[in-house]
Amino acid sequence: MKFFVDTADLEEIQEANDMGILDGVTTNPSLVKEQGNVDFHEHVYKICEIVDGDVSAEVTATDFDGMMEEAHSLAGIHENVVVKIPLIQEGIKALRALDDEGIPTNCTLCFSPMQALLAAKAGANYISPFIGRIDDISSDGMTLVEEIVQVYDNYDYETEVLAASIRHPTHVKRASLAGADVATMPFDTLLKMLDHPLTDRGLERFLADWEEYKEARKAEAGMA
Ligand code: G3P
């Protein structure tokens, strides 16, 4: 399973990358806004220079021509850029055209298996079902991931299922059990995946016992 961080924060991306387990980054206009007064294209370039993997950058036009213009501009920033396209009618046209041109895409804002099927037919490289936002409206976001995986398997689509809007480690666990190809998550969630009280308690005990062992050895050596 590939792990992406869902952030535009350079320090977080660097830290995740330093762990050696980072496969890519996803951004969106809201995450870019959080970075304050930065130049979008320069910022995307900086992200691409940190991580050796796919970096999603989103168009903001909602018409075909505008999306294509932005997509060409974003794709020109760096070879790692994957153009994020919203799941609307004009977006489907743009996905098809970009696939024909060999520009990789991530189709975003997916909330149903039929949307996902359209995106795959249009040649999207990634489909991004938003799990947490479905949970937010008292439904089960992970069911969507399971259904998309099954639909794609039924017809051998190569579009990768990128579980997005992940909020906690259980989302990652269920996405991996459902067979999602990628989980994109906040850096904080990535760190929380490490947490287990028995790991902390066990390490504390090992280190304390090691100190006692060393003390005992020192005492014995002193007596000899
Ligand atoms: O990748 C999409 C993701 O950023 C949405 O997450 O938490 O805003 O629903 P969230």
Side-chain angles (χ1 to χ4, degrees), residues 1-13 15-17 21-36 38 40 43-44 47-48 50-51 53-62 67 70-71 74 80-88 91 94-95 104-113 115-116 118-120 124-149 159-176 178 180-193:
M1 185 182 213
K2 289 193 267 188
F3 282 170
F4 290 0
V5 279
D6 193 30
T7 178
D9 184 311
L10 298 178
E11 278 181 29
E12 288 185 348
I13 293 166
E15 219 178 311
N17 194 60
I21 46 79
L22 190 64
D23 300 297
V25 175
T26 49
T27 67
N28 62 40
S30 307
L31 293 170
V32 172
K33 184 184 122 189
E34 283 174 15
Q35 298 309 304
V38 295
F40 178 42
H43 202 76
V44 169
I47 294 172
C48 292
I50 295 173
V51 60
D54 288 345
V55 174
S56 291
E58 189 161 341
V59 300
T60 51
T62 53
M67 284 184 195
E70 282 185 43
L74 290 170
N80 290 359
V81 169
V82 171
V83 180
K84 222 169 171 185
I85 302 282
L87 221 164
I88 56 178
L95 289 170
T105 55
N106 173 0
C107 185
T108 190
L109 289 166
C110 175
F111 295 95
S112 86
Q115 287 181 317
L118 283 167
N125 296 77
Y126 293 103
I127 183 71
S128 288
F130 276 30
I131 297 163
R133 292 193 194 183
I134 295 177
D135 290 356
D136 287 344
I137 58 163
S138 303
S139 197
D140 180 29
M142 206 56 67
T143 301
L144 173 59
V145 175
E146 291 162 3
E147 289 177 348
I148 295 172
V149 168
T159 305
E160 293 188 65
V161 180
L162 192 167
S165 185
I166 276 179
R167 306 277 172 79
H168 47 70
T170 303
H171 273 154
V172 183
K173 174 185 158 185
R174 287 194 58 201
S176 63
D181 300 284
V182 190
T184 190
M185 66 199 88
F187 182 54
D188 181 50
T189 303
L190 183 64
L191 293 182
K192 281 185 186 155
M193 287 172 65

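In this chain, numbering begins with 1 at the start of the sequence shown. Since the model is a prediction, treat every value here as computed from it, not as a measurement. Just follow the structure's listing: the first ligand is 1, and inside any ligand the first atom is 1.
Protein heavy atom in closest approach to atom 3 (C) of ligand 1: Asp6 OD2, 3.0 Å. With hydrogens left out, the protein atom closest to atom 7 (O) of ligand 1 is Arg167 NE, 3.0 Å, a heavy atom. With hydrogens left out, the protein atom closest to atom 8 (O) of ligand 1 is Arg133 NH2, 2.8 Å, a heavy atom. For atom 6 (O) of ligand 1, the closest non-hydrogen atom on the protein side is Ser165 CA, 3.4 Å. Considering only non-hydrogen protein atoms, atom 2 (C) of ligand 1 sits nearest to Phe130 CZ, 3.2 Å.
Numbered from 1 in the order shown, with element, the atoms of ligand 1 that lie under 4.0 Å from a heavy atom of Ala164 read 1 (O), 2 (C).
The closest donor-acceptor contact from the side chain of Glu70 to the backbone of Thr60 lies under 3.5 Å. A donor-acceptor contact shorter than 3.5 Å links the side chain of Asn17 to the backbone of Ile50.
Side-chain contact between Arg167 and Asp135: absent, with no pair of heavy atoms (C-beta onward) separated by less than 4.5 Å. Looking at Asn28 and Thr108, their side chains never come closer than 4.5 Å, going by heavy atoms from C-beta outward.
Neither the backbone nor the side chain of Ile166 has any atom closer than 4.0 Å to an atom of ligand 1 (non-hydrogen atoms only).
The structure places CG of Leu74 at 10.5 Å from OG of Ser56, a figure rounded to the nearest 0.5 Å.
Every salt bridge (Lys or Arg N to Asp or Glu O under 4.0 Å) that Arg174 has, sequence neighbours left out, goes to Asp140, Glu146.
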